[in-house]
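Along the sequence shown, residues are numbered consecutively beginning with 1. Just so it is clear, the model here is predicted, and its values are computed rather than measured.
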Amino acid sequence: MTLVYLDNNATTRVAREVLDAMLPYFSDHYGNPSSMHTFGGRVGREIETARERVANLLGATPREIIFTSCGTESDNTAIWSALRSNPGKKHVITSRVEHPAIKNLCEHLSKNGYRVSYVPVDQNGELDIEFLKDQLSDDTALVSIMWANNETGVIFPVEEIAELVKKKGIVFHTDAVQAVGKIPMDLSRIPVDMLSLSGHKIHAPKGIGVLYVRKGTKFSPFLIGGHQEKGRRGGTENAASMVGLGIAADLARDHLKEMNTTVKRLRDKLEEALVRQIPNTLVNGKGANRLPNTLSIDFEFIEGESILLMLNELNICASSGSACTSGSLEPSHVLRAMGVPFTAAHGSIRFSLSTRTTEDEINFVIEKMPPIIDRLRALSPFWNQTRDPSHDLSR
Ligand code: PLP
């Protein structure tokens with residue numbers, strides 16, 4: 001059975017070109033870029049080429065690119081840097097729907113002397129900008145708002161937020177881990193101070209990320225050590241992965257149009273077919289501007305995990321919008337923040353496509369989903385007992 005991989009927001013396959021570019025750095029070019037000899041120096045030069053490539057993808061300059069180990073490290077570095085650079089300020093603004101890399105750190109901060117404001121979202125997953133504006137104060141050290149949501153794909157108006165935060169002279173960070181490579185981005189035009197990205201979401205390997213830091217932004221390192229990354233991130237460079245990420249950045253730029261045409265068309269086809277064929281479904285973020293590759297869809301009165309298990313038997317990979325914790329299936333904080341009814345949020349599935357996704361794969365999923373949902377609903381006491389034929393989830 002061939003694999004149908006529709007979980008690209010979780011991670012992506014390393015592109016062939018990326019792997020080919022990386023391999024020599026494990027064998028022939030293993031020198032330390034900090035060494036005085038030419039052998040190591042050559043590796044250093046290739047890292048600088050990779051930095052230029054990443055900068056080109058973002059509309060940044062190479063000096064503004066700091067390589068890290070992952071999106072989580074980039075997010076943590078950005079937040080700690082803003083707080084350490086503004087020691088008198090004790091307030092942070094973020095959204096209710098951030099990835100745990102931001103959310104859990106903010107929860108930690110609120111237990112350790114900081115005040116955190118969480119900007120709510122509406123039922124489409126769109127941000128309450130007025131609330132955000134009202135929260136900005138002289139005590140605010142940082143605003144951190146993701147560019148696009150990993151579960152629903154809802155895109156936030158980062159340009160507008162960056163402008164209004166900048167007017168107040170407050171540091172603005174955006175977690176763009178899901179947005180990079182899926183929507184165009186030009187930081188020479190948008191006053192973002194810091195931005196996080198992660199290699200494994202754009203066909204580079206796991207274990208490499210980037211923190212963009214705009215020139216002039218006060219910066220305090222998270223990993224204090226050697227002089228690597230101009231003293232902004234200590235630790236001997238992960239040269240192979242940096243080189244790989246450079247190639248992946250070029251590929252992402254080349255594939256941006258395809259992402260917003262072919263991939264979007266396949267996502268729309270999947271969405272339209274599932275909603276048409278299966279009653280009591282709800283598309284999360286339907287009314288919002290969304291990433292072209294993401295479909296978050298709820299099937300009422302059944303559990304997402306059961307759907308995933310049945311998809312898994314067919315070698316179809318997707319994700320669910322709930323987390324199995326201590327035996328109870330708790331809908332994700334994102335769907336709860338959007339006010340998705342519990343009966344729907346429990347049956348939430350995320351399909352995330354890539355430029356490798358084929359029409360045949362989408363057709364296969366479209367064919368297999370209705371009988372899976374039928375079988376599970378036939379077993380569901382909620383579906384059988386509480387189903388009201390007039391019940392309409394569409395909104
Ligand atoms: N931020 C977002 C929005 C993500 O989706 C993820 C990963 O899923 C991360 C941060 C964390 O990135 P990493 O896995 O590279 O630590």
Is a donor from one side chain sitting under 3.5 angstrom from an acceptor on the other, for [X] and [Y]?
X: Thr357; Y: Glu361; value: no
X: Lys215; Y: Thr61; value: no
X: Thr152; Y: Asn284; value: no
X: Ser319; Y: Asp7; value: yes

Main-chain N/O of [Y] paired with [X] side-chain donor or acceptor, under 3.5 Å:
X: Asp128; Y: Phe131; answer: yes
X: Ser380; Y: Leu376; answer: no
X: Asp193; Y: Phe172; answer: yes
X: Asn149; Y: Val97; answer: yes

Decide, yes or no, whether a salt bridge links [X] with [Y] under the criterion of side-chain N to carboxylate O below 4.0 Å.
X: Arg51; Y: Glu229; value: yes
X: Lys264; Y: Glu271; value: no
X: Lys103; Y: Glu107; value: yes

Given Met369, which partner from the list Leu274, Leu314, Asp374, Thr281 fulfils the side-chain contact (heavy atoms from CB on, under 4.5 Å) test?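 Testing each of Leu274, Leu314, Asp374, Thr281 against Met369, the sole residue satisfying side-chain contact (heavy atoms from CB on, under 4.5 Å) is Leu274.
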
Should the ring pair His37 and Phe39 be called parallel, tilted or perpendicular, given that the plane angle runs from 0 to 90° and is split at 30 and 60?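 Taking Phe39 first and then His37, their aromatic rings sit tilted (interplane angle of 30° to 60°).
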
The test is salt bridge (charged side-chain N to carboxylate O under 4.0 Å, His left out); show your working for Lys166 and Glu163 and say whether it passes. CA-CA 5 Å; Lys166 185 192 167 184; Glu163 294 286 355; 5.5 Å; no

If you measure from NZ on Lys182 to CG on Asn293, what distance do you get to the nearest 0.5 Å?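 So the NZ of Lys182 and the CG of Asn293 are separated by 4.5 Å.
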
